[in-house]
Amino acid sequence: MSPESSSLSTGRSAHEPCADRPVVLSTHGLTKDFGRLRAVDDLDLSVCRGDVFGFLGPNGAGKTTTIRMIFGLIYPTSGYAQILDHRVPERRQEALKHVGGFVDIPAFYPNMSGRRNLRLLGRMYTDVTEARISEVLDIVGLGRRGDSRVAGYSHGMKQRLGIAQALMHEPELVILDEPTSGLDPQGMKDVRELVRELGRRGTTVFLSSHLLHEVEQICNRAVIMNKGRIVVQGPVAELRPTDMSVKVLTSDQRRALEVLRAFCGTGAVVDDGEYLDVRAADDAAPEMVRRLVAEGIDVRAIIPAVEHGLEDFFLETTSGADSGTEPAGADAAAVPASEASTATSSGGTEPSR
Amino acid sequence: MSHLRREIVKVLFQRRTYVGWAGLVAIPIIMTVAVRLSTDKPQAGEGPAFLSNMAANGMFVPLAALAAMSFFLLPLVSAMTGSYVIAGEAELGTLKTLLTRPVSRTGVLLAKWAVAIMYVGVGMAFVAIAGAVAGWLVFGLHPLTTLSGGQVSVAHGFGLIALAYLMGLAGMACIVSLAVLLSTLTDSSLTAAVGALVLVLVLQALGQFSYFDFLKPYLFTSHFEDWFNLLRQPISWPPIWKALVTFTAYVLGLIGVAWWVFRRKDILS
């Protein structure tokens with residue numbers, strides 16, 4: 001179960017996908033070492049104008065380190081990022097005029113009101129008016145709490161204020177580092193709707209997340225990163241494989257393995273010791289049964305495992321990247337289909353809706 | 001200028017700003033009240049410099065306060081103020097909020113350093129004013145008897161007091177700069193403050209032993225009392241210039257290293 005069958009690109013072929021659209025953000029061999037640990041390894045990606053770009057990976061994949069390098073907060077060991085025509089870190093100041101966003105948890109001066117924080121930060125750009133500050137506070141739903149001290153804000157309110165400060169100078173590129181983390185379901189919905197709206201208005205958004213369905217819902221392109229490397233990148237529509245997997249139990253597993261491998265391909269069938277785990281097009285099950293019966297093999301059970309959404313793909317790509325052992329997707333498929341579906345669609349930390 | 005304005009606004013929005021100033025202002029007032037109420041007036045050579053002169057002339061209150069505070073309280077305030085500059089923002093997480101804007105790190109650092117020195121300067125001005133007012137109300141203001149025995153008018157005396165405070169501020173600028181440097185090296189403002197204070201105390205200790213006399217001219221802490229020379233007639237300028245050159249060298253050296261560190265620092269807070 002590897003992503004090889006998909007049309008997605010991996011690694012270096014990252015700089016052509018924009019076609020005639022200008023590249024707003026790109027990284028070129030971006031690498032960061034912390035002592036002996038390589039946190040980001042030779043990262044190449046490009047974000048085109050108008051993209052809502054998902055930057056996916058499990059915690060510790062190097063997402064935040066990458067974003068810090070894009071903002072010029074930390075210096076790459078080698079390589080560089082480029083925002084429009086400006087290289088970071090060399091021309092960081094020029095580049096950051098076109099960027100708004102936050103990295104990690106947005107932080108503000110606690111003794112000042114949200115509005116005063118925005119005023120203070122807004123003065124660092126050329127034209128952020130008082131009216132614009134009120135407007136962005138309204139956009140993120142803080143209109144009525146804008147004059148309260150940030151010290152009294154909940155995590156979700158700080159997150160919203162973080163988005164407000166990212167938008168106030170109407171930047172060309174908005175970079176949001178896990179913008180829905182810590183929000184309640186309504187807050188998540190609001191933020192996702194806001195990001196979609198930004199995309200519709202033509203703002204380029206670079207959004208990191210470890211929630212795959214979030215990226216599926218709001219992004220048009222994405223990369224999946226693991227252990228500092230890009231595992232795969234491409235349009236989100238292509239990230240979701242169309243096949244499914246079934247578990248097959250027969251009277252003769254050894255021969256069934258051969259038959260099914262002949263039909264579905266060698267890599268698509270794995271013997272997990274109890275069942276044959278078969279990955280195939282979702283209408284292939286009847287034909288599989290016909291072929292097995294034709295070979296005189298009795299089919300004792302055929303269990304639909306889980307539909308392969310981006311979750312599974314993500315788990316496979318991120319766990320398979322460092323070892324060639326059993327992909328995590330197989331574990332998910334070993335539980336009854338109903339449970340597996342709940343477990344994988346919940347995105348880990350978020351309650352399923 | 002926008003950097004300075006932003007940093008001043010931030011300082012004015014911190015409660016600690018006012019606590020620090022209030023603490024400083026309290027010292028000359030406490031000294032005045034203590035000397036006024038005690039039946040056993042301090043004798044010449046007793047307690048901090050100029051303490052024994054206070055009862056006769058309120059002009060000496062700000063001078064006695066400066067002499068008394070130069071060795072610990074002002075260094076403490078300077079170390080705490082300087083240490084907060086970068087590490088304090090790192091603790092809040094706002095350093096990254098600040099540096100994701102199109103601003104130069106050099107501008108940010110220099111503005112913060114300048115505002116830290118301004119903070120100490122304003123605090124010292126409050127001490128001088130509180131001392132003068134307390135001295136005036138309790139002991140009255142009279143022509144100032146200089147260390148050489150002559151007298152200068154009250155107005156001239158205030159001029160000398162102002163110069164003494166400015167020189168004191170130059171000494172404190174060394175401590176602020178030292179703390180700013182430590183502040184760029186750690187993400188904990190307390191570590192930076194304690195580090196700066198400990199270094200200042202060590203330098204002061206070195207100055208106490210005659211064995212280390214050869215070091216003395218090069219330690220900024222050895223020049224904290226050189227403003228006394230302003231109170232001679234005529235003013236003894238050479239030690240004053242030496243002190244100012246030493247302070248300037250330390251300030252430039254320390255802030256230069258701080259700039260060099262901060263310029264390429266990875267902001268991970």
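A, B, ... follow the sequence lines: proteins, then strands. Residue 1 opens every chain.
Comparing Thr65(A), Leu96(A), Thr64(A) by how many heavy-atom pairs each has under 4.5 Å with chain B, the most go to Leu96(A). Note: Thr94(B) leads Thr97(B), Val9(B), Thr94(B) in heavy-atom pairs under 4.5 Å with chain A. With chain A as the partner, the residue from Leu98(B), Asp266(B), Leu268(B) showing the most heavy-atom pairs under 4.5 Å is Asp266(B). Heavy-atom pairs under 4.5 Å with chain A were tallied for Gly93(B), Pro102(B), Ser2(B); the largest tally goes to Pro102(B). Contact count versus chain B (heavy atoms, under 4.5 Å) is highest, among Met69(A), His169(A), Gln165(A), for Gln165(A).
By the 4.5 Å heavy-atom criterion applied to side chains, Leu66(B) and Val127(B) are not counted as neighbours. Two residues are said to be in side-chain contact when any heavy atoms from C-beta on lie closer than 4.5 Å; Ile175(B) and Phe224(B) meet this criterion. In this structure, Ile161(B) and Leu63(B) have side chains that are in contact, with non-hydrogen atoms separated by less than 4.5 Å.
Heavy atoms from other residues, nucleotides or ligands lying under 6.0 Å from CZ of Phe34(A) number more than 12. The environment of CE in Met69(B) is crowded: more than 12 heavy-atom neighbours from other residues, nucleotides or ligands sit within 6.0 Å.
Within the 4.5 angstrom heavy-atom criterion, only backbone atoms of Ile105(A) (N, CA, C, O) approach chain B. Using a 4.5 Å cut-off between heavy atoms, Arg149(A) contacts chain B through its side chain alone, with no backbone atom that close. Contacts of Lys265(B) with chain A are made by backbone atoms alone, with heavy-atom separations under 4.5 Å and no side-chain atom involved. Arg119(A) does not touch chain B: none of its heavy atoms, backbone or side chain, sits under 4.5 Å away. Both the backbone and the side chain of Tyr109(A) come within less than 4.5 Å of a heavy atom in chain B. For Pro89(A), no part sits under 4.5 Å from any heavy atom of chain B, backbone or side chain. For Glu94(A), no part sits under 4.5 Å from any heavy atom of chain B, backbone or side chain. The contact between Arg5(B) and chain A is made entirely by side chain atoms (from C-beta outward), counting heavy-atom distances below 4.5 Å.
Ionic pairing of Asp104(A) and Arg68(A) is present here: one or more N-O contacts between side-chain nitrogen and carboxylate oxygen are shorter than 4.0 angstrom.
Remark: Arg263(B) qualifies as a cation-pi partner of Trp259(B) under the 6.0 Å distance and 45° angle criteria applied to the six-membered ring.
Across Arg91(A), Arg87(A), Glu90(A), a single residue satisfies side-chain hydrogen bond (donor to acceptor under 3.5 Å, both in side chains) together with Tyr80(A), and that is Arg87(A).
Remark: the backbone N or O of Leu84(A) is paired with a side-chain donor or acceptor of Gln82(A) at under 3.5 angstrom.
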